[in-house]
Amino acid sequence: MGHVNLPPPRRGPPRPWTLLDLVSAAFFASVIVFFVLVFTSLGDPLAAAGRRALARSDPSDPRQRQRILSLLDYPRASRTTAGPVLPTCPADEVDQMPCEDPRRNSQLSREMNFYRERHCPEPGELPLCLVPPPDGYKIPVPWPESLHKIWHDNMPYNKIAERKGHQGWMKEEGPYFIFPGGGTMFPDGAVQYIEKLAQYIPIDSGLLRTALDMGCGVASFGGYLLKENIMTLSFAPRDSHKAQIQFALERGVPAFVAMLGTRRLPFPAFSFDLVHCSRCLIPFTAYNGTYFIEVDRLLRPGGYLVISGPPVQWPKQDKEWADLQALARALCYELIVVDGNTVIWKKPSGASCLPNQNEFGLGLCNDANDPSEAWYFNLKNCINKISIEGGEIAVGYMAKWPERLSKPPARVSFIKNGVDVFEADTRRWNRRVAYYKKSLGIKLGTASIRNVMDMNAFFGGFAAAITSDPVWVMNVIPARKPLTLDVIYDRGLVGLYHDWCEAFSTYPRSYDLIHVTGINSLVKDPLTGKSRCHLVDLMVEMDRILRPEGTAVIRDMPDVIEKVGRIAHAIRWTVKIHDGEKEARGGEKILVATKKLWKLPTVSH
């Protein structure tokens with residue numbers, strides 16, 4: 001074949017670069033650099049430097065919040081290095097309580113103690129930072145020794161010991177605070193006081209299981225009632241005594257921060273078999289008996305009300321004492337005894353006998369009133385009707401403890417197929433807890449775990465499955481989910497309503513174990529499915545209330561657990577992810593994390 005001779009190409013002068021060429025070259029170069037940094041180890045030193053800068057940055061800078069959320073929402077594709085690490089809060093935030101912050105609340109109205117109730121910052125308003133422990137913090141004294149002594153340096157506040165030591169509240173002794181078990185109205189000790197009450201109340205019969213201690217001090221009353229199998233939930237406000245509830249929780253006694261002011265307490269109706277006030281200074285007859293009416297809402301029919309201290313036969317309070325007796329008579333409470341400065345009443349077991357006319361102007365609530373609605377719900381000055389026929393929720397009619405734990409209560413019938421759902425839930429949690437202990441190595445049943453929280457408790461099945469362990473469980477019912485907390489109380493367990501887009505009403509370092517099923521649902525609107533707050537904020541709050549060396553157990557779908565794992569690393573937790581039990585739904589995963597004990601670096605001068 002012949003060859004074709006082509007003329008040589010003509011080379012002219014090089015074409016000058018245009019602006020478009022420069023822009024294109026810069027774009028392609030930046031893409032190459034991006035892929036090199038993201039998908040190879042060459043970017044790791046830069047990422048590490050960024051994490052160190054983030055950890056040192058000012059947590060109050062709003063731009064920092066967006067940087068953190070962006071890094072956690074859109075993680076690096078490479079897994080060769082860790083993600084961002086959140087900065088620490090300042091040292092003066094060791095007892096941070098976002099919704100009970102005196103700096104915020106002191107500006108509010110004093111009327112009915114409104115300023116001492118919950119007042120929370122808006123979602124996203126708080127800086128994203130980790131609350132540090134105080135200097136000298138140690139892993140808490142284990143239960144049951146903690147009932148009698150705790151480490152002084154874990155909450156180095158001497159005010160109660162100095163002011164109340166002569167009444168047997170607490171005293172400083174070497175490296176410890178010691179709790180002799182006394183109180184203002186029982187300086188000789190809670191044990192003798194409880195023995196005195198037992199002369200009039202069936203304390204050791206199994207009839208009484210749930211109790212509420214109002215204005216509890218350091219919760220010695222509730223602590224010693226535990227020996228009688230009575231689960232007492234104690235509350236007091238954050239006040240000038242400094243850390244009453246913090247001391248109670250460090251002792252391993254069920255407690256939370258609250259104030260009876262303008263709103264209902266966060267419990268359903270007819271929750272408590274016993275309500276106790278020992279010099280709680282609640283003005284029960286004020287505002288036409290509004291506070292006594294709230295106690296009546298919470299007290300189970302046939303339950304007992306004990307008030308020790310003012311105004312019971314108290315000097316210069318004759319009118320207040322007379323009004324209190326008149327109010328109890330108007331509600332047909334049976335007077336059991338007046339013994340010195342202590343009065344005991346029994347609430348009637350049946351429907352209210354409230355007459356049409358009484359000096360307090362009280363009447364029955366209308367049918368539209370839901371007595372169990374109690375999240376940011378203003379107090380009502382009317383008597384709540386009992387919606388269960390035949391006194392099935394009354395003390396003396398319900399099963400005794402511990403049988404009531406496993407028997408489907410009457411109020412479970414308010415839910416469709418409630419009995420079947422209850423029994424299936426009980427079986428499910430028995431299997432899950434056995435799996436936790438055997439396969440996941442969670443130290444339930446050991447001295448390492450005393451204070452437990454279930455953030456999404458439903459019927460309290462998790463708590464019921466661990467009642468044989470030396471623990472107590474705060475069962476939390478999210479305020480936007482079905483209000484099943486009444487079933488939990490009918491079982492003889494305790495808990496409260498809460499919205500997890502807000503901070504919980506407790507001090508930092510309160511719980512040894514925090515458990516949550518369906519964590520992503522806690523930040524979603526149940527109607528629209530849209531996020532109401534950020535998962536990062538929720539987990540920073542979990543870190544605030546979890547003790548160093550404490551455990552978090554989180555169950556959810558794999559994609560959620562992957563994100564939770566990234567956030568857990570950012571808040572300095574060590575993490576392991578496990579498959580669920582064989583019966584786990586939809587490939588559910590379980591994240592088990594441990595909070596590290598870290599401390600603020602020493603500042604050199």
Side-chain angles (χ1 to χ4, degrees), residues 95 97 100 116 134 140-152 154-161 163-165 167-172 176-186 189-191 193-194 210-228 230-260 265-267 272 274-280 449-453 470-475 494-496 504-512 544-547 550:
D95 292 324
M97 296 179 64
E100 288 85 8
R116 294 170 78 179
V141 175
W143 179 266
E145 292 91 338
S146 60
L147 181 62
H148 309 290
K149 67 178 183 180
I150 65 172
W151 295 113
H152 173 276
N154 284 11
M155 43 202 66
Y157 309 119
N158 298 334
K159 185 177 289 187
I160 296 180
R163 294 186 178 182
K164 302 289 187 178
Q167 296 174 349
W169 282 41
M170 57 187 286
K171 59 183 179 180
E172 185 178 354
Y176 299 105
F177 278 124
I178 304 297
F179 297 88
T184 302
M185 296 306 299
F186 43 94
V191 173
Y193 178 69
I194 291 169
T210 58
L212 181 67
D213 190 14
M214 304 185 293
C216 61
V218 294
S220 288
F221 178 72
Y224 284 94
L225 271 180
L226 289 169
K227 295 181 179 179
E228 309 295 341
I230 294 178
M231 181 64 69
T232 305
L233 187 52
S234 303
F235 78 86
R238 185 176 188 176
D239 64 4
S240 60
H241 276 165
K242 191 78 173 178
Q244 296 178 72
I245 295 302
Q246 195 173 17
F247 284 119
L249 288 163
E250 188 77 2
R251 298 176 72 189
V253 179
F256 78 112
V257 174
M259 180 74 203
L260 183 52
L265 293 170
F267 310 113
F272 297 99
L274 169 68
V275 175
H276 176 259
C277 155
S278 174
R279 199 177 172 84
C280 63
I449 298 177
R450 170 62 184 169
N451 299 354
V452 178
M453 172 183 282
V471 301
W472 69 273
V473 182
M474 179 68 83
N475 293 282
V494 297
L496 45 74
F504 193 76
S505 287
T506 194
Y507 286 85
R509 303 170 298 280
S510 292
Y511 290 92
D512 302 301
R544 183 184 74 88
I545 66 178
L546 185 62
R547 287 174 171 171

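Counting begins at 1 with the first residue of the sequence. These numbers come from a predicted model, not from an experiment.
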Enquirer: Any side-chain heavy atom of R251 sitting closer than 4.5 Å to one from R450?
Expert: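 Not touching, per the 4.5 Å side-chain cut-off.
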Enquirer: Any side-chain heavy-atom pair from F186 and Y224 closer than 4.5 angstrom?
Expert: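 No, too far: nothing below the 4.5 Å cut-off.
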Enquirer: Evaluate the side-chain contact (heavy atoms from CB on, under 4.5 Å) criterion for residues R509 and N154: first the C-alpha distance (whole Å), next the side-chain angles of each, then the deciding distance (0.1 Å), finally the verdict.
Expert: CA-CA 10 Å; R509 303 170 298 280; N154 284 11; over 6 Å; no
Enquirer: Show the nearest heavy-atom pair for residues A211 and I230, with the distance to one decimal.
Expert: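 Closest approach of A211 to I230, heavy atoms only: CB-CG2, 3.8 Å.
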Enquirer: Just how far is it from atom OH of Y507 to atom CE of M97, taken to the nearest 0.5 Å?
Expert: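 Rounded to the nearest 0.5 Å, the OH-CE separation comes to 5.0 Å.
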Enquirer: Just so I know, are the side chains of Y176 and H152 near enough to count as touching, which here means a heavy-atom distance under 4.5 Å?
Expert: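 Contact flag for Y176/H152 side chains = no.
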Enquirer: Using every non-hydrogen atom in the two residues, find where C280 and G215 come nearest and quote the distance to one decimal.
Expert: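 Closest pair (atom of C280, atom of G215, distance): CB-CA, 4.1 Å.
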Enquirer: Could you grab the distance from atom CD1 of I160 to atom CD of Q244, nearest 0.5 Å is fine?
Expert: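 Between I160 CD1 and Q244 CD, I get 5.0 Å after rounding to 0.5 Å.
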Enquirer: State, yes or no, whether a side-chain contact exists between F177 and V141 at a heavy-atom distance under 4.5 Å.
Expert: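 Not in contact.
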Enquirer: Answer yes or no: is there a side-chain heavy-atom contact under 4.5 Å between L233 and M474?
Expert: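 In short, these two side chains touch, coming nearer than 4.5 Å.
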Enquirer: What are the two closest heavy atoms between S278 and M185, and how far apart are they?
Expert: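 Result for this residue pair: OG-CB, 3.3 Å.
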Enquirer: Please name all residues satisfying ring pair (Phe, Tyr, Trp, His ring centres under 6.0 Å) with F179, sequence neighbours left out, ordered by chain then number.
Expert: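 By the ring pair (Phe, Tyr, Trp, His ring centres under 6.0 Å) rule, F179 matches no residue at all.
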Enquirer: Taking the side chain as everything from C-beta on, heavy atoms only, tell me whether R547 gets closer than 4.5 Å to Y511.
Expert: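 Answer no - side chains too far apart.
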Enquirer: Quick check: do L249 and F256 have side-chain heavy atoms less than 4.5 Å from each other?
Expert: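 No - every pair of side-chain heavy atoms lies 4.5 Å or more apart.
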Enquirer: Quick check, are the ring centers of F272 and F267 under 6.0 angstrom apart?
Expert: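 Yes: the rings meet the under 6.0 Å criterion.
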Enquirer: I need the minimum non-hydrogen distance between S146 and G252, along with the two atoms involved.
Expert: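 Residues S146 and G252, closest heavy atoms: OG-N, 4.3 Å.
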Enquirer: Working to the nearest 0.5 Å, report the span between CD1 of I545 and CE of M453.
Expert: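 Output value for this atom pair is 4.0 Å.
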Enquirer: Identify the two heavy atoms, one from N475 and one from V494, that lie closest to each other, and give their separation to 0.1 Å.
Expert: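 Where N475 meets V494 most closely, the heavy atoms are ND2-O, 2.9 Å.
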Enquirer: Spell out, as yes or no, whether a donor-acceptor pair under 3.5 Å connects the side chain of R544 to the backbone of F504.
Expert: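 Present.
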Enquirer: Shortest non-hydrogen contact from G222 to T232?
Expert: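 Looks like CA-CB, 3.6 Å.
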Enquirer: Aromatic rings Y193 and F221: how do their planes relate, parallel, tilted or perpendicular, breaks at 30° and 60°?
Expert: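 Y193 and F221: perpendicular rings.
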Enquirer: Would you say W472 and N451 make side-chain contact, with heavy atoms under 4.5 Å?
Expert: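 Yes, at least one pair of side-chain atoms sits under 4.5 Å.
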Enquirer: Keeping R116 on the side-chain end and M259 on the backbone end, is there a donor-acceptor pair under 3.5 Å?
Expert: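 Not at all, since once roles are kept as given, no pair shorter than 3.5 Å links the two residues.
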Enquirer: In Å and rounded to the nearest 0.5 Å, what is the OG to CD distance from S510 to E250?
Expert: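 One finds 9.0 Å between OG of S510 and CD of E250.
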Enquirer: Can any side-chain N or O of D512 pair as donor or acceptor with the backbone N or O of G550 at less than 3.5 Å?
Expert: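 The answer is no, because no donor-acceptor pair under 3.5 Å joins these two groups.
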Enquirer: Which value, rounded to the nearest 0.5 Å, describes the distance between L212 atom CG and L265 atom CG?
Expert: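 Output value for this atom pair is 7.0 Å.
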Enquirer: Can you list the steps and then say if M231 with L226 is a side-chain contact (heavy atoms from CB on, under 4.5 Å)?
Expert: CA-CA 6 Å; M231 181 64 69; L226 289 169; 4.0 Å; yes
